[in-house]
Q: 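Following this message is one structure expressed as structure tokens.
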Amino acid sequence: MRCLRCFFALLTAAVCAVLLYCLYLKAPDPLTRALAPCNGSPWEQGKLAFWAMLPAALTLHHLEPDSSRSGLCAAVLLAAVLAAALSPLGLSPVLLYLLSFAAALTAYALLLRRIRGGELLWYAALLLLAVACILFSILPPAGALFTDPADVSAIAPIPF
């Protein structure tokens, strides 16, 4: 039964990721840019995984009566970190997000659901990452984490 609940959470995350991405394609304004990736940088890929995993964690929390809030917060953070870490591999976005969502939900089912207590710390970490997502979408800093790999001029050194 737990596998079915995690599958529904995975499905929720995948649907939310598709909807956020399509919303940005349809209306590329600053609000949707804060929620969806506007380029292929690792930060932008992790940002979409973060926003898509929030409703998935909420779905899993409502489906499992004894779910760990701390473990769900850790799973959301893990999905964002995995999406950012896997983005330089050049995987297709669909495979990238499905891998990061599946790995985070598997880690929750096997390990993270045993985390109890400290919800306030985990909530603060999620809130901090949400604020960073919005702030760095408005004013992106320089650095490899925020650079689009398709932008060769930003990565290649100038020969003279």
Side-chain angles (χ1 to χ4, degrees), residues 3 5-28 30-61 63 67-113 115 121-152 154-155:
C3 292
R5 293 176 190 147
C6 285
F7 176 74
F8 282 134
L10 176 71
L11 191 62
T12 303
V15 167
C16 288
V18 168
L19 289 175
L20 284 172
Y21 189 73
C22 289
L23 179 68
Y24 176 72
L25 291 177
K26 186 69 176 165
L31 177 64
T32 57
R33 195 171 72 200
L35 300 175
C38 37
N39 60 37
S41 71
W43 175 260
E44 297 290 329
Q45 303 304 323
K47 182 174 70 172
L48 180 63
F50 171 73
W51 291 120
M53 273 295 288
L54 284 176
L58 186 64
T59 300
L60 195 56
H61 177 66
L63 290 176
S67 64
S68 164
R69 293 182 197 153
S70 301
L72 288 171
C73 291
V76 170
L77 292 174
L78 179 64
V81 168
L82 283 174
L86 293 175
S87 68
L89 297 179
L91 301 171
S92 72
V94 173
L95 184 61
L96 172 78
Y97 293 122
L98 285 179
L99 277 175
S100 63
F101 296 153
L105 290 170
T106 302
Y108 172 77
L110 297 176
L111 299 170
L112 298 176
R113 67 183 170 91
I115 299 175
L121 178 66
W122 289 103
Y123 292 156
L126 285 181
L127 185 63
L128 187 65
L129 186 58
V131 169
C133 284
I134 294 168
L135 182 66
F136 292 155
S137 294
I138 297 169
L139 302 168
L145 185 63
F146 302 97
T147 303
D148 186 8
D151 187 11
V152 179
I155 297 170

Q: Should Leu20 and Leu48 count as side-chain neighbours, where that means a heavy-atom distance under 4.5 Å?
A: yes
Q: Quick check: does any side chain N or O of Thr32 sit under 3.5 Å from a backbone N or O of Ala27, one acting as donor and the other as acceptor?
A: yes
Q: Checking side-chain contact (heavy atoms from CB on, under 4.5 Å) for the pair Phe7/Leu105: CA distance, chi angles, key distance, verdict?
A: CA-CA 9 Å; Phe7 176 74; Leu105 290 170; over 6 Å; no
Q: SG/Cys6 to CG/Leu11 distance, rounded to the nearest 0.5 angstrom?
A: 12.5 Å
Q: As an exercise, state the distance from CG of Leu60 to CE of Met53, rounded to the nearest 0.5 Å.
A: 8.0 Å
Q: Should the heavy atoms of other residues, nucleotides or ligands under 6.0 Å from CZ of Arg33 be counted, would the total exceed 12?
A: yes
Q: Say you draw a straight line from CG of Leu35 to CG of Leu19; how long is it, rounded to the nearest 0.5 Å?
A: 12.0 Å
Q: Atom CZ of residue position Phe136 - does it have more than 12 heavy atoms of other residues, nucleotides or ligands inside 6.0 Å?
A: yes
Q: Taking OH in Tyr123 as the centre, count heavy atoms belonging to other residues, nucleotides or ligands within less than 6.0 Å. Is the count above 12?
A: yes
Q: When you look at Trp122 and Val76, which way does the side-chain contact (heavy atoms from CB on, under 4.5 Å) test go after all the steps?
A: CA-CA 10 Å; Trp122 289 103; Val76 170; over 6 Å; no
Q: Without swapping roles, check the side chain of Tyr108 against the backbone of Ser68 for a donor-acceptor pair under 3.5 Å.
A: yes
Q: Rounded to the nearest 0.5 Å, how far does CG of Leu63 lie from OG1 of Thr12?
A: 8.0 Å
